[in-house]
Amino acid sequence: MRNPEALQTPNASADGAPDGAPRASHSTRVLATIALVGAVLYVLVDIVLQALPPHYSVVSEAESNLAVGPYGWVMNLNFLARGVVTVCAVAALARFGPRTRVRRTGLGLMLGAGACSAALALLPTDIPAKDAPGLEPMTALGTAHLVVAAGGFLAALVAFGLLTLWLRRSDDLRGAYPAAAVFTGVAALGLLALGIAAVWVPGVIGLAERVSLAGVLGWVIAVCLVVRRR
């Protein structure tokens, strides 16, 4: 007589996936965890630095200003950490399919955005005068900082747009698509607001930048959470 258990459908695992479904390897989960924890710590460090002297304004001053002052070295380490977070997130996502040109381009741009973040630690920003009409760097390093920061935000936005489309077609990570789409929209809205603020409303440039950062870091956190559950 045939064993009745042999006729049953595959059992679901603890994470809700069928027993035969692809799973993330231990190393992939470790990479995703590092990226997840690193992104959360990045936000916490920003919050702590904001409460320390010289108390830069969240609304009117760019995040990079936190890298200037007695605790500026902490913010520079945070910029480097964001680069590490990006590398770990890219390495984790590279383990999943489908392996398309969209995924390859998105991951490449994401790595570029991470490199831009790390480079900010080596390019001190200029603190503009309070009555300055906009972002007007006064030194070559300040100009380079502004260009690299803007390039990093643009690269991250395009990368997330492509990778979000890829997630929608991924059998393994499709569950990350809704949150990824929302955070990509937040990043796009913040970047648009940042461009407008830089030219016409410099008094809210810090707020606009932080909205864009919320989209960027939120995307990484949401997607890495799904990777860890595979």
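Hydrogens, waters and symmetry mates are skipped; everything else that's a heavy atom, side chains included, is used.
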Worksheet, complete the sentence: One should read off an interatomic distance between N76 CG and L66 CG, to the nearest 0.5 angstrom, of 10.5 Å
Worksheet item: T125 side chain to G142 main-chain N or O, any donor-acceptor pair under 3.5 Å?
Response: no
Item to complete: Find out if a path of hydrophobic residues (ILVMFWY) with successive side-chain heavy-atom gaps under 4.5 Å connects I34 to V43.
Response: no
Worksheet item: Can you tell which of T86, V90, V84 makes a side-chain contact (heavy atoms from CB on, under 4.5 Å) with C88?
Response: V84
Practice prompt. Over all heavy atoms of both residues, which pair between L80 and A118 is shortest? Give the atoms and the distance, please.
Written response: CD2-O, 3.5 Å
Fill in: Straight-line distance of T139 OG1 to H145 NE2, nearest 0.5 Å
10.5 Å
Discussion item. Test of understanding: clusters of I, L, V, M, F, W, Y form through side-chain heavy atoms closer than 4.5 Å, transitively. Do L36 and L31 belong to the same one?
Written reply: no
For residues 146-169, please give each side-chain donor-acceptor pair under 3.5 Å, one per line with the distance, not counting sequence neighbours.
| unit_1 | atom_1 | unit_2 | atom_2 | d |
| --- | --- | --- | --- | --- |
| T164 | OG1 | F160 | O | 2.6 |
| T164 | OG1 | T184 | OG1 | 3.1 |
| T164 | OG1 | W219 | NE1 | 3.1 |
| W166 | NE1 | P98 | O | 2.7 |

Worksheet item: Where is the tightest heavy-atom contact between V223 and A180, given as atom of each residue plus distance?
Response: CG2-CB, 4.2 Å
Worksheet item: Do you reckon V85 sits in the same ILVMFWY cluster as V40, going by side-chain contacts under 4.5 Å, direct or chained?
Response: no
Worksheet entry | M110 side, atom CE; T105 side, atom OG1 - distance, nearest 0.5 Å | 14.5 Å
Practice prompt. Indicate if V48 and L77 have the same hydrophobic cluster label, given that clusters are the connected sets of ILVMFWY residues with side-chain heavy-atom separations under 4.5 angstrom.
Written response: yes
Worksheet item: How long is the gap from CZ on F183 to CG on L217, to the nearest 0.5 Å?
Response: 9.5 Å
Response to the item:
Scanning both residues in full, the closest heavy-atom pair of A32 with C224 reads O-CB, 3.6 Å
Fill in: Spatial distance of atom CZ (F96) from atom CG (L173) [nearest 0.5 Å]
5.0 Å
Worksheet entry | Pairwise salt bridge (charged side-chain N to carboxylate O under 4.0 Å, His left out) hits with a residue in residues 78-103, at least two apart | E63-R82
Item to complete: Following the transitive rule for hydrophobic clusters with a side-chain heavy-atom cut-off under 4.5 Å over Ile, Leu, Val, Met, Phe, Trp and Tyr, establish whether L120 and W73 coincide in one cluster.
Response: yes
Discussion item. Pair L194, L191 - check side chain to side chain contact (heavy atoms under 4.5 Å, CB included), show working.
Written reply: CA-CA 5 Å; L194 185 58; L191 192 58; 4.2 Å; yes
Practice prompt. Might you point out which heavy atoms bring V211 and G190 nearest each other, and give the distance in Å?
Written response: CG1-CA, 3.7 Å
Practice prompt. Look at the side chain of Q50 and the backbone N and O of Y56, then say whether any donor-acceptor pair between them is shorter than 3.5 Å.
Written response: yes
Discussion item. Quick one: does any side-chain atom of E209 pair with a main-chain N or O of I205 as donor and acceptor, under 3.5 Å?
Written reply: no
Discussion item. Give me the atom names and distance for the closest heavy-atom approach of G97 to S170.
Written reply: O-OG, 2.8 Å
Fill in: Steps toward side chain to side chain contact (heavy atoms under 4.5 Å, CB included) verdict (F79, M75)
CA-CA 6 Å; F79 283 139; M75 189 63 223; 3.6 Å; yes
Discussion item. Quick one, V201 and V204 - any side-chain contact, counting heavy atoms below 4.5 Å?
Written reply: yes
Fill in: Least distance between heavy atoms, P178 atom then G175 atom
CD-O, 3.5 Å
Fill in: Euclidean distance, N78 CG relative to L49 CG, rounded to 0.5 Å
7.0 Å
